[in-house]
Amino acid sequence: MAGEFNQQKLETALQAERKYCYLPFSLHIFSTVASTNKTLWELINQGAGTGSVVIATQQTAGRGQWGRQWVSPTGGLYVSVALTPKVDANASYQITLATAWGIACQLRESGVNVGIKWPNDLVLEGRKLGGILTETKISQGQISQAVVGVGINWSNSVPETGINLESWQADKTHKPISCLESLTSKVLLGIESGMLCLFQEGISILLSRYSELLVNMGDRVHVHDLSGIVVGVTPQGDLRVSLETDCVTDTKAPELYLEPGTISLGYRRSLGTY
């Protein structure tokens, strides 16, 4: 990938910005792959361990949530990281929530005002900047192995609902992200800090921090004949909706929990400052 992706530049950025050494990053860099997740699973089957990373600037068969195609043209960042999270099988979404929060924080600290659209999208000025796909292997009711895939729009073309970082910062005097390698470093460090928060501080603290960056907080949603307000996310990754009720004696409104994939929230809000 000479001339396209500079591994030395990435390693220098990681060393300069790293606060923890929780994941032993082992880098595998490609120009084009079918899918970084698929390539990483193949490496895991050959013995690659926790912290192994696959990076590409193009995918020919990228995958999104629920089997959707993830269009992955040249110029984007596509990265997957191997984890051994040891969490219950029904809590796999915690890995995605931790990843989204960690990356969003890293980018916000750099001056990119990123928010999170439930459950797994990164948004900037109301448009999609990136997404996350977590795949797992289960053993005896626990996740024995996980691969977290992240796609971020850097200089690639995007649909009307999307945004890429190079275009966003083109008219800014100070460019928060200097290059693709710097973006990659922030994504990897974001995944690392997200996992640290989840496994050392716990899901309650993670959910509190995730909710602070959730652009859907306070949105009104309608499900069948019910309507309510988004008030947060459960430890399983379900959307918490406080139902509107006519009963004035209710001290606490009943809540509805919506599983990921059961409702689409769309791209219609910009993120303010917190």
Side-chain angles (χ1 to χ4, degrees), residues 35-38 40-41 59 61-72 78-81 83 85 87-104 114-124 126-138 141-143 145-153 158-162 191 194 198 203 206-207 210-211 213-243 254-269 271:
S35 153
T36 56
N37 273 24
K38 181 175 183 291
L40 185 50
W41 280 120
Q59 295 182 123
R63 302 192 300 276
Q65 288 283 352
W66 306 293
R68 296 171 183 159
Q69 180 186 15
W70 176 276
V71 179
S72 315
Y78 313 103
V79 56
S80 297
V81 179
L83 304 169
V87 299
D88 291 342
N90 65 357
S92 62
Y93 253 94
Q94 293 179 7
I95 302 167
T96 300
L97 301 181
T99 298
W101 170 79
I103 294 173
V114 173
I116 302 168
K117 185 176 85 71
W118 176 79
N120 65 310
D121 283 353
L122 300 169
V123 294
L124 179 61
R127 292 185 286 169
K128 183 169 181 175
L129 177 67
I132 298 159
L133 174 65
T134 301
E135 297 176 329
T136 59
K137 288 185 178 178
I138 309 298
Q142 280 203 320
I143 297 171
Q145 188 78 54
V147 165
V148 177
V150 179
I152 303 281
N153 298 323
V158 295
E160 187 178 343
T161 55
I191 294 172
L198 174 59
I203 185 60
L206 173 66
L207 286 178
Y210 176 94
S211 296
L213 302 185
L214 188 63
V215 298
N216 311 108
M217 288 289 279
D219 281 0
R220 177 172 273 102
V221 297
H222 302 275
V223 184
H224 305 303
D225 296 327
L226 303 172
S227 63
I229 303 295
V230 174
V231 295
V233 177
T234 73
Q236 287 71 42
D238 297 348
L239 192 68
R240 291 175 51 214
V241 176
S242 178
L243 294 175
E255 288 189 355
L256 179 68
Y257 302 135
L258 301 175
E259 294 182 5
T262 59
I263 185 173
S264 176
L265 299 177
Y267 291 91
R268 61 185 184 279
R269 278 186 66 185
L271 178 70

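Excluded from the calculations below are hydrogen atoms, water molecules and symmetry mates; all remaining heavy atoms, backbone and side chain alike, are included.
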Rounded to the nearest 0.5 Å, how far apart are [atom1] of [X] and [atom2] of [Y]?
X    : Y    : atom1 : atom2 : result
W118 : L258 : CH2   : CG    : 6.0 Å
D219 : I229 : CG    : CD1   : 8.0 Å
I116 : L122 : CD1   : CG    : 7.0 Å
N216 : L239 : CG    : CG    : 7.0 Å
L213 : W101 : CG    : CH2   : 8.5 Å
T134 : N120 : OG1   : CG    : 8.0 Å

Specify the closest pair of heavy atoms between [X] and [Y], including all atoms of both residues, with the distance to one decimal.
X    : Y    : result
I95  : A146 : CD1-CB, 4.1 Å
P119 : Y210 : O-OH, 3.0 Å
G237 : L97  : CA-CD1, 4.2 Å
M217 : V231 : CE-O, 3.4 Å

Measuring only between side-chain heavy atoms, which start at C-beta, is [X] closer than 4.5 Å to [Y]?
X    : Y    : result
V123 : L129 : no
N37  : L40  : no
I191 : I103 : yes
V223 : L256 : yes
V147 : L83  : no
V87  : Q142 : no
L198 : I203 : yes

- Query: Distance-only, no hydrogens or angles: does the E255 side chain make a donor-acceptor pair with backbone N or O of L243 under 3.5 Å?
  - Reply: no

Which residues share a side chain to side chain contact (heavy atoms under 4.5 Å, CB included) with [X], sequence neighbours left out:
X    : answer
H222 : R220, S227
T234 : Q236, D238, R240, Y257
S92  : T136, I143

- Sequence neighbours excluded, the answer for side-chain hydrogen bond (donor to acceptor under 3.5 Å, both in side chains) partners of T99 is none

